[in-house]
Each structure stands twice: as C-alpha cells, then as structure tokens.
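Written below as structure tokens is the structure these notes are about.
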Amino acid sequence: MRETLDIMVKDGPPRERTAGKAVFVKTYGCQMNVYDSERMVDLLRPLGYRPVDDPAAADLVILNTCHIREKAAEKLYSDLGRLRETKKEKVGEMTIAVAGCVAQAEGAEVQSRADIVDIVVGPQAYHRLPELIAKAARRKGEALDTEFAVEEKFDALAKSRSADGVSAFLTVQEGCDKFCTFCVVPYTRGQEVSRKAAAILAEARMLADQGVRELTLLGQNVNAWASVGEDGRSWGLGDLCRALARIDGVLRIRFMTSHPRDMDDGLIAALGKEEKLMPFLHLPVQAGSDRILAAMNRGHTAADYLALIGKIRDARPDIALSGDFIVGFPGETAEDFEATLALARAVGYASAYSFKYSRRPGTPAASMPKQVNETEKDRRLEALQALLRAQRDAFCASLVGKALPVLFERPGRRPGQLIGRTPYLQSLHAYAPASMIGSIAPARILGVTSNALAGEVVGRAEGMHPAVTKAEDAQTPRE
Ligand code: 5AD
Ligand code: SF4
C-alpha cells in the first residue's frame with residue numbers, strides 16, 4: 001500500500017449549499033483508504049450528502065486516516081487543530097468524523113485529544129456511518145465504532161457503489177496475518193479476510209456496465225485472496241483474474257499489494273497467459289539482508305525473492321517490477337544496508353517506494369535493541385532513493401521510441417490532450433479526441449517529463465465504436 005496519496009474525494013462541481021447536505025472527505029494513506037473514502041461518499045449520497053472540496057462548506061467532515069508511519073498519524077492531529085478554527089467560525093452545525101486506521105488504533109486518544117471530534121469509526125465499520133451520524137446528531141461525542149465485521153461491511157458498501165471514470169479500485173481482500181514486526185496493519189485492519197468471488201464478480205460487472213475499463217484489485221495481501229469460485233472449485237487470485245478478464249468491457253486488470261510468500265504458481269501462470277493482466281507487479285521486499293528479513297518476520301530470504309522474480313519473468317518477460325523498502329530497521333548495519341542496495345540492483349525496479357523505519361507503538365520492532373539513529377536513516381534513504389530513481393529513469397528512457405498500448409482516462413491540461421496510462425502504470429499525455437476516453441490505443445513514447453510520458457497515438461483504438469474511430473481520426477488535433 002502506498003502512502004503517497006493525500007487526496008480529497010471529489011465528485012463534480014461543488015454542490016449548492018441550498019440542496020441537501022455537504023460532505024468533505026480527506027484521505028490519507030493508501031489506495032485502500034481511497035477506495036473506502038469513495039464508498040463512504042456513495043453510502044452518504046442517498047442521505048442527501050454531496051461531496052464538496054472545501055471543509056468550511058461542509059456539514060460533515062470525514063478524515064480517513066493512516067497509521068502506518070508516525071508522520072502519517074501526526075498529520076491527523078495537525079489537521080484537527082486547523083479544523084477547530086473552521087468549526088468555530090462556521091455558521092450552523094459541523095460534524096467531524098475520524099475514520100480509518102488511526103481511529104482503529106487510537107480511537108479513545110483521538111476523542112480525548114480532540115474534543116471537536118463527534119464520530120470515530122474504524123475501517124470495518126464504515127457501513128454504519130449513517131447510523132453513527134444520526135447518533136452523533138442526537139448526542140454529540142458518543143459515537144465510537146471500531147468493531148471488526150469485514151464481510152458485512154463489504155456487502156453494505158457494495159450496494160451503494162457508483163463508478164465515475166475509466167479506472168476503478170475493487171477491494172477483494174482485507175487484513176493481514178503476516179505480522180511483519182514493524183507493521184501496524186495486522187492490528188488496525190485485522191485478520192486476512194477474502195470477499196466472496198460471486199460478490200466481486202457482480203460488482204465488477206456492474207462497474208463495467210457503468211463504463212469502467214480497468215480494475216485494480218485491492219488488498220493488504222491481495223494475493224492471499226482465496227474463495228470458492230463460480231464453478232465450485234477453490235479459487236486463488238489467478239482464477240479470479242481470469243474470471244474477471246472474461247467480463248465484457250473489462251480491458252485491464254491490476255492487483256496490489258502482493259506478498260512474496262503468497263505469489264503462487266496459479267497467479268504466476270495467469271500473469272503469463274492472461275493478456276488483460278497488466279505486466280506490472282508491486283512486490284515489496286523491504287530489505288535485502290537475510291538477517292534483517294528474519295528480524296522483520298518476512299518469511300523469506302533475499303535469494304527466495306530473487307528466485308521468485310526469475311520465475312515471474314520467465315512467465316511474463318515484459319513484466320516491470322515495483323517494490324517497497326524500509327531503511328534503518330533496528331539492528332540494520334552498514335553491511336545489511338549494502339545487501340538491500342545489492343538486491344535492488346539485481347532486480348532493477350521500474351518504480352519503488354522507500355521509507356525510513358518508523359517506530360510504531362505496540363509492534364515488536366518498536367522495542368528491539370539497536371535502533372538506528374535518524375541521521376543514519378536519512379543517509380541510507382538518500383542512497384537507496386538515488387539508486388531507485390536512476391533505475392526508474394533508465395526504465396522510462398528504455399521506452400522512448402516504442403509504441404505502448406495506452407488506456408485513455410481523462411482530458412489533459414491542454415486543450416485536445418488526453419491523459420492515459422501505459423501498462424506499467426505510468427501517466428502518459430497525448431493529443432487525441434475525447435471520444436477515445438475509455439479505450440486503448442497504441443502510443444509512441446516521445447519523451448519523459450518529471451512525472452509523465454509524452455506520447456503520440458500511432459494506431460487504432462480498441463474498445464471504441466468503429467464509426468466513432470473513423471470520424472474522430474480525421475480531426476485528431478496535433479500541436
Ligand atoms: N516504518 C516504515 N515503513 C513502514 N511500512 C510499513 N510499516 C512501516 C514502518 N513502521 C512500509 C512498508 C510497507 C509500506 C506500505 O509501508 O514498506 O510495504
Ligand atoms: Fe504489514 Fe507485513 Fe502485513 Fe504488509 S505483509 S501489511 S508489511 S504486516
């Protein structure tokens with residue numbers, strides 16, 4: 001899961017204050033939270049709530065929080081400080097709800113540190129939001145719900161699901177039983193639970209009918225997903241992907257985040273055979289030293305990981321890899337850190353995320369001896385990031401001049417421009433007609449900018465009506 005997102009759930013233009021009520025949602029942390037925020041907005045829609053992008057205009061403010069590293073959790077408290085002023089100045093009532101992993105992990109502390117918080121709701125209790133809002137309205141400050149009941153939540157949230165856009169997240173699994181010694185997720189998100197195949201397929205069909213062309217299956221350990229399939233056999237994630245690929249309208253499938261230990265042969269075979277499965281895999285390794293991997297309780301060695309990558313590349317030679325790393329785990333020596341650099345060099349990542357170890361209360365690593373000092377962590381992070389940046393730049397440069405299939409998602413900043421994604425999840429902008437949104441067309445990579453690729457469409461779109469393709473092709477604007 002990524003911690004690079006800090007977004008607001010937006011849905012069209014801000015609503016008139018006279019019609020119904022307004023909800024402002026701020027999302028911290030990973031894609032799972034983005035998904036949950038979108039579902040909360042869906043759930044509140046029938047109650048007359050429309051999303052707005054200004055907390056001052058909102059009747060209800062939801063902060064959907066992240067607890068993975070200390071910085072992420074601290075952000076909540078500084079945002080609450082700012083909201084205190086907004087709430088004071090606002091004419092009329094403002095209800096503030098703290099949702100997500102901080103709510104789960106330290107709900108009581110949130111309420112005691114911030115008296116302006118009316119509702120605390122954990123990740124497994126979002127479906128009870130309407131009830132909690134009503135309760136908070138009746139008796140302020142009494143609403144705290146952080147119980148685990150994952151299946152119930154999924155079913156309740158799926159009922160109100162609405163799609164906007166070409167690409168959609170679809171949570172298939174939640175929770176984690178791996179207990180890496182640095183990580184709070186097993187405590188905040190609970191045990192591994194898989195949604196039933198039938199429910200996932202039904203939601204995917206509904207999304208495809210609404211114009212969704214790319215599905216990103218989400219789970220803290222997405223490749224631990226298991227369920228009884230439509231044919232009565234036990235299915236793993238590979239089977240699920242194949243079934244999803246048969247849905248009309250679904251052109252691309254991705255999944256994240258995977259654990260090396262759950263990367264089974266069925267999934268590797270599906271990656272090799274199923275063209276709709278994108279050749280891009282996020283497979284965190286965290287460290288390259290076997291001693292540190294053992295202390296982290298990862299359950300594999302560096303050699304296991306490299307062998308696994310070899311197997312995946314044999315099955316899908318064009319696969320690009322992404323990963324997560326932690327530097328400065330307790331006891332990590334200079335030599336251990338060298339092993340991390342060596343592993344990254346051996347793999348060659350297309351993109352990767354790296355973090356300084358952050359001591360999380362209640363996790364085993366927090367009380368381990370030989371904590372690494374911040375200066376050393378900074379130094380190691382800088383060295384690792386320089387290597388990973390160079391790898392990413394080399395990967396992008398290797399694509400220049402090639403044609404890649406691009407799924408166009410939305411208009412770009414300049415008139416006539418569209419933004420799409422390559423199979424490797426890179427943003428690409430190209431001049432193309434708006435009617436190509438939702439279809440895949442080959443684009444030649446012309447160059448690389450700081451956070452995107454520039455391309456030009458060099459062939460016909462797939463997934464588009466032939467009559468539209470013809471008429472629009474003649475007037476594709478060019479710079
Ligand atoms: N400190 C630093 N990074 C962490 N991650 C998880 N827990 C911690 C922590 N305590 C990182 C891991 C994980 C990603 C989502 O966040 O790399 O894969
Ligand atoms: Fe955290 Fe490890 Fe589970 Fe990933 S696999 S969520 S890092 S405990």
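What you are looking at is a predicted structure, and each value in this text was computed from that prediction instead of being measured. Counting convention: from 1, in listed order, for ligands and their atoms alike.
- Distance from atom 3 (Fe) of ligand 2 to its nearest protein heavy atom, with residue and atom name: Cys176 SG, 2.2 Å.
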Query raised in the report: Is there a ring-ring contact (aromatic ring centres under 6.0 Å, His included) between Phe179 and Tyr187 once you walk through the steps?
Result: CA-CA 9 Å; Phe179 289 93; Tyr187 312 99; 5.6 Å; yes
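- For ligand 1, the polar-atom distance check finds no N/O of Pro284 at less than 3.5 Å from any of the ligand's N/O atoms.
- Close approach to Pro186 involves these atoms of ligand 2, each under 4.0 Å from a residue heavy atom: 8 (S).
- Within ligand 1, counting atoms from 1 as listed, the ones closer than 4.0 Å to a heavy atom of Ser358 are 1 (N), 2 (C), 9 (C), 10 (N).
- Of the protein's heavy atoms, Cys180 SG, 2.3 Å lies nearest to atom 2 (Fe) of ligand 2.
- Ligand 1 has an N or O atom lying under 3.5 Å from an N or O atom of Arg69, backbone or side chain.
- Ranking the protein heavy atoms by distance from atom 5 (S) of ligand 2 puts His259 CD2, 3.5 Å first.
- Looking at Asn64 and Thr27, their side chains never bring a donor and an acceptor atom within 3.5 Å of each other.
- The closest approach between Arg359 and ligand 1 stays at or above 4.0 Å for every heavy atom of the residue.
- Scanning the protein heavy atoms around atom 1 (Fe) of ligand 2, the nearest turns out to be Cys183 SG, 2.3 Å.
- Put simply, the side chain of Asn223 never gets that close to the backbone of Leu237: no donor and acceptor are under 3.5 Å apart.
- When the options Asp324, Val184, Thr181 are ranked by their closest heavy atom to atom 13 (C) of ligand 1, first place goes to Asp324.
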| message | Run the side chain to side chain donor-acceptor pair (under 3.5 Å) test on Thr181 and Asn297 for me, step by step, so that the C-alpha distance in whole Å, both residues' side-chain angles and the decisive distance to 0.1 Å come before the verdict. | response | CA-CA 6 Å; Thr181 52; Asn297 190 32; over 6 Å; no
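- With Thr449 contributing its side chain and Leu453 its backbone, the two residues share no donor-acceptor pair below 3.5 Å.
- Relative orientation of the Phe395 and Tyr424 rings is perpendicular, given thresholds of 30° and 60° on the angle between their planes.
- Below 3.5 Å of separation, one finds an N or O of Gln286 facing an N or O of ligand 1.
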